Amino acid sequence: MNVFNTLTRKQESFKPISDDYVKLYTCGLTVYNYAHIGNLRTYFFEDILRRTLEYFDYRVRHVMNVTDVGHLESDADTGEDKLVLGARREGKTPEEVARFYEKIFFEDLVAMNILQPHIICRASEYINDMIEFIKVLIEKKYAYEVEGNVYFSIERFPEYGRLSGMPVDKLVAGARIEIDSNKRYPGDFALWLSKSKFPNQIMQWESPWGRGFPGWHIECTVMSIKCFGEHLDIHCGGVDHIAVHHTNEIAQAEAYLGHRWCNYWMHGEWLVVAKEKMSKSKGEFLDLRAIAKNGYMPMHLRYLYLTAHYRQQLEFSYESLTAAKNAFENLRTRVLELKAINEPVDSDRMLKENIQAKFWDAIADDLNMPVALALVWQILKDTGLSSVDKLDLLEDFDRVFGLGISQFSRRDLPDDCKILIRERENVRQRKNWKEADRIRQLLTEKGVGIKDTAHGAEWYWLM
RNA sequence: GGCGGCAUAGCCAAGUAGCAAGGCGGCGGUCUGCAAAAUCGCUAUUCGCCGGUGCAAAUCCGGCUGCCGCCUCCA
């Protein structure tokens, strides 16, 4: 399979380091609030990646971090700690806040049918490893201490900026952030902070440089190396991580290890609302609870995400979500029909293999889900395939889509509805249309739709 | 200032050199007591604009316009 590697800006054939399993590390959430649907799009992309790898018989070990130590609002030691902010807002300790949102986060992933990582690393549980890591960087002269703060020296790492493609000397120092006078070079970034401008920081740990807290890029690097060793196959995150977070991670890790670290870097594009990236601070806070209130299921969102390529911005609106919802519900209906048929009809063997091959090509082409999804509708429309073969293909594809096609099932009709339908049949026989319409209305209110056919009334769930 | 992305029908969105996928919506037919559902058909002679290179361009090159992102925390 081919994947687009941010490092080379090209599609490359994927080759894992080891035959045993693929080492996949994905950046998780900072658990100070609910995950919004933009966050979820990235986790969806990583899920599609993992499912595709597994579909092609790779064994995958998936590690995700949870950031539960305070990230300040900026890398310049300005702004307030998000977790502390959340805690104050809710009258809880930072730890309570972190645990609460972490729990909801993983519940949201389940609702979206996103596979759980095999290993979940909490940053707060790796503080000692981070300290040891920083010590090595200081020994190797890649880092220096000033007044209790430790910084990484990007001048010592000539390849700095390889991922982002941004020339170091062209970065506008202090363009948007205040210059930290402790830094030798404005582009240096913090590994450990003891002398923060926020002395009341609640979450603090002892370190050789003073009581404080780790910098903002060290956690993923340390936990990844801790979990996977000196090499990593794939590291994922949102596009926002390219320029700073992942760039800094590469610098730290390769300085520490003394060699290349991760082979493939993959990044998911934004979900945009009204031509703007999703943000936790602007407009309506769109998360799973908000869309549920408006009548949409997590699977409707998953379907929407499937309709666009992961490296393309996706335009979110309730109009586009409604389109996805309708398409998903139509798909469910069609699959239910297929499941009900079960007639042995001749099937076009070649046709089936042909469609199967197209699916392989699509997902192997840098996870082209829109093309793969179009095949679903082609299958449903096709007249040369038996229902058995159609279901067979759809369920096979769903190992990657994760729409739950094999679980689609028809809920039974409650007895009172059965009686109503029988009654309606009776009054219809007598052409009492008024009464028949009244009963149909009753059934509608119970969520049951009716279609009158030549061989009697059929019912279906209205949703 | 530096780096990068995007512009395809009413909406979402594939395609990146050889007659413009798919979904949603809309319109029309069939069916129906009426409906609904289902089903069939239709729904971009054209891909922001202007040039260029090709037998051939939405796809490559140049220019222009518009929108967006990153260089602070962020998926």
Side-chain angles (χ1 to χ4, degrees), chain A residues 9 26-30 32 35-46 67 70-82 161 164-178 187 189 216 236-245 247 267-272 275-281 303-304 306-309 311-328 330-331 333-334 337 358 362 368-378 381 428 431-434 436-437 440-441 444 449-454 457-460 462:
Chain A
R9 311 269 157 162
T26 61
C27 285
L29 192 72
T30 301
Y32 71 103
H36 59 57
I37 61 177
N39 298 131
L40 292 175
R41 185 182 180 204
T42 297
Y43 304 117
F44 161 81
F45 140 61
E46 292 156 354
T67 300
H71 273 194
L72 297 184
E73 285 180 331
S74 90
D75 194 31
D77 190 27
T78 57
E80 286 196 81
D81 183 308
K82 288 178 173 175
S164 66
M166 293 195 296
V168 174
D169 55 326
K170 290 283 169 49
L171 299 179
V172 181
R176 294 173 69 190
I177 61 173
E178 221 178 297
F189 58 92
W216 311 285
C236 299
V239 285
D240 53 310
H241 280 154
I242 296 171
V244 178
H245 184 57
T247 286
H267 298 93
E269 255 295 349
W270 299 116
L271 180 70
V272 301
K275 299 281 182 208
E276 253 186 11
K277 72 165 186 170
M278 270 242 60
S279 152
K280 289 189 182 181
S281 55
Y303 187 96
L304 176 65
L306 238 14
T307 64
H309 188 91
R311 285 195 293 113
Q312 230 40 55
Q313 292 190 352
L314 171 61
E315 198 79 37
F316 176 87
S317 64
Y318 276 109
E319 193 181 0
S320 62
L321 183 58
T322 301
K325 174 183 175 175
N326 292 343
F328 178 80
N330 287 161
L331 173 62
T333 304
R334 303 292 298 273
E337 282 167 13
K358 280 184 182 168
N368 195 331
M369 294 303 136
V371 167
L373 192 59
L375 292 172
V376 165
W377 298 98
Q378 191 186 316
K381 253 187 280 185
R428 285 189 79 240
K431 298 205 191 306
N432 184 350
W433 309 126
K434 210 176 163 195
D437 288 348
R440 184 165 63 198
Q441 182 55 34
T444 302
I450 293 294
K451 57 177 168 174
D452 296 316
T453 70
E458 287 180 13
W459 64 275
Y460 58 93
L462 292 168

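Bear in mind that the values here come from a model prediction, so they are computed numbers and not experimental data. A, B, ... follow the sequence lines: proteins, then strands. Residue 1 opens every chain.
Base engagement by A:Asp437 is indicated by at least one non-hydrogen atom pair under 4.0 Å involving a base atom. Across all strands, A:His267 comes closer than 4.0 Å to no nucleic acid atom at all (heavy-atom distances). As judged by a 4.0 angstrom heavy-atom cut-off over every strand, A:Gly237 is placed among residues touching the sugar-phosphate backbone only. The residue A:Ser320 sits close only to the backbone: its heavy atoms come under 4.0 Å of sugar-phosphate atoms, none of a base. Residue A:Ser164 is in sugar-phosphate contact alone, with no base atom involved, counting any heavy-atom pair closer than 4.0 Å across all strands shown. A:Phe316 comes within 4.0 angstrom of nothing in the nucleic acid, heavy atoms only. Using a 4.0 Å heavy-atom distance criterion, A:Arg311 is classed as making no nucleic acid contact.
OP1 and OP2 of B:rC74 both lie 4.0 Å or more from every side-chain N or O belonging to A:Arg41. Between A:Asn368 and B:rG15, a side-chain N or O to OP1/OP2 separation shorter than 4.0 Å is present.
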- prompt: What string of B, S and - do you get for nucleotides 21-30 of chain B, 5' to 3', when a contact is any protein heavy atom under 4.0 Å?
  reply: BSBSS-----
Stepwise side-chain contact (heavy atoms from CB on, under 4.5 Å) check, A:Thr26 with A:Tyr43: CA-CA 8 Å; A:Thr26 61; A:Tyr43 304 117; 5.6 Å; no
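To the nearest whole angstrom, the two P atoms, one in B:rG10 and one in B:rU43, are 14 Å apart. Only the P atoms considered, B:rA17 is 8 Å distant from B:rC60, to the nearest whole Å. Comparing B:rG1 with B:rC11, their P atoms sit 33 Å apart, to the nearest whole Å. Rounded to a whole angstrom, the distance from the C1' atom of B:rU65 to that of B:rG28 is 40 Å. Rounded to whole Å, the separation between the P atoms of B:rA20 and B:rU46 comes to 11 Å. Atom name C1', nucleotides B:rU72 and B:rC67: the rounded distance is 23 Å, in whole Å. Going from the C1' atom of B:rG66 to that of B:rG23 covers 28 Å, rounded to whole Å. One C1' atom belongs to B:rA14, the other to B:rC50, and the distance between them is 27 Å to the nearest Å.
Here B:rU8 presents its P atom at 11 Å from CD of A:Gln312, a figure rounded to the nearest Å. Atom CD in A:Glu269 sits roughly 12 Å away from atom P in B:rA13 (whole-Å rounding). The separation between A:Tyr32 atom OH and B:rC73 atom P is 13 Å, rounded to whole Å. With rounding to whole Å, A:Trp270 atom CH2 is found 17 Å from B:rG5 atom P. Nucleotide B:rC12 holds its P atom 13 Å from the CD atom of A:Gln313, rounded to whole Å. The CD1 atom of A:Ile450 sits 13 Å away from the P atom of B:rA37 (whole-angstrom rounding). Between A:Glu315 atom CD and B:rC12 atom P the separation is 6 Å, expressed in whole Å. Following rounding to the nearest Å, A:Asp240 (CG) and B:rC74 (C1') show an atom-to-atom distance of 5 Å.
Out of B:rC12, B:rC34, B:rA14, the shortest distance to the side chain of A:Arg440 is found at B:rC34. Checked against B:rA37, B:rA75, B:rU39, the side chain of A:Lys451 finds its nearest nucleotide in B:rA37. With B:rC34, B:rC3, B:rC74 as the choices, the nucleotide that has an atom nearest any side-chain atom of A:Met166 turns out to be B:rC3. For A:Arg334, whose side chain is taken as the heavy atoms from C-beta onward, the closest listed nucleotide among B:rG33, B:rA14, B:rU39 is B:rU39. Counting only heavy atoms from C-beta on, A:Leu29 has its side chain closest to B:rA75 among B:rC12, B:rA38, B:rA75. Closest contact between the side chain of A:Ala243 and the listed nucleotides B:rC70, B:rC73, B:rA35 involves B:rC70. Side chain of A:Leu271, nearest nucleotide from B:rC68, B:rG33, B:rA75: B:rA75.
The pairing partner recorded for B:rG18 is B:rC55, the criterion being a Watson-Crick or G-U wobble arrangement whose two distances lie under 3.5 angstrom. Base-pair partner of B:rC24: B:rG10 (Watson-Crick or G-U wobble, both distances under 3.5 Å). Nucleotide B:rG4 has B:rC68 as its partner under the Watson-Crick or G-U criteria, with both atom distances under 3.5 Å.
Among A:Thr307, A:Asn368, A:Leu331, the one residue that satisfies the side-chain contact (heavy atoms from CB on, under 4.5 Å) test with A:Leu373 is A:Thr307.
Ion pairing between a basic and an acidic side chain is recognised when a charged N comes within 4.0 Å of a carboxylate O; A:Arg440 and A:Asp437 show such pairing.
With sequence neighbours excluded, the residues satisfying salt bridge (charged side-chain N to carboxylate O under 4.0 Å, His left out) with A:Glu458 are A:Lys451.
Between the side chain of A:Thr247 and the backbone N or O of A:Ile242 there is at least one donor-acceptor pair closer than 3.5 Å. Between the side chain of A:Tyr303 and the backbone N or O of A:Leu321, no donor-acceptor pair lies under 3.5 Å. In this structure, A:Ser320 contributes its side chain and A:Phe316 its backbone to no donor-acceptor pair below 3.5 Å.
Mapped onto RNA chain B by nearest heavy atom, A:Trp433 and A:Ile242 fall at different nucleotides, with A:Trp433 at the one closer to the 5' end.
With rounding to the nearest 0.5 Å, the separation of CZ in A:Phe44 from CG in A:Leu314 is 9.5 Å. Rounded to the nearest 0.5 angstrom, A:Arg41 CZ and A:Glu46 CD are separated by 12.0 Å. Taken from CZ in A:Phe328 to CG in A:Leu304, the straight-line distance is 12.5 Å, to the nearest 0.5 Å.
Annotated as syn: B:rG54, whose O4'-C1'-N torsion sits within 90° of 0.
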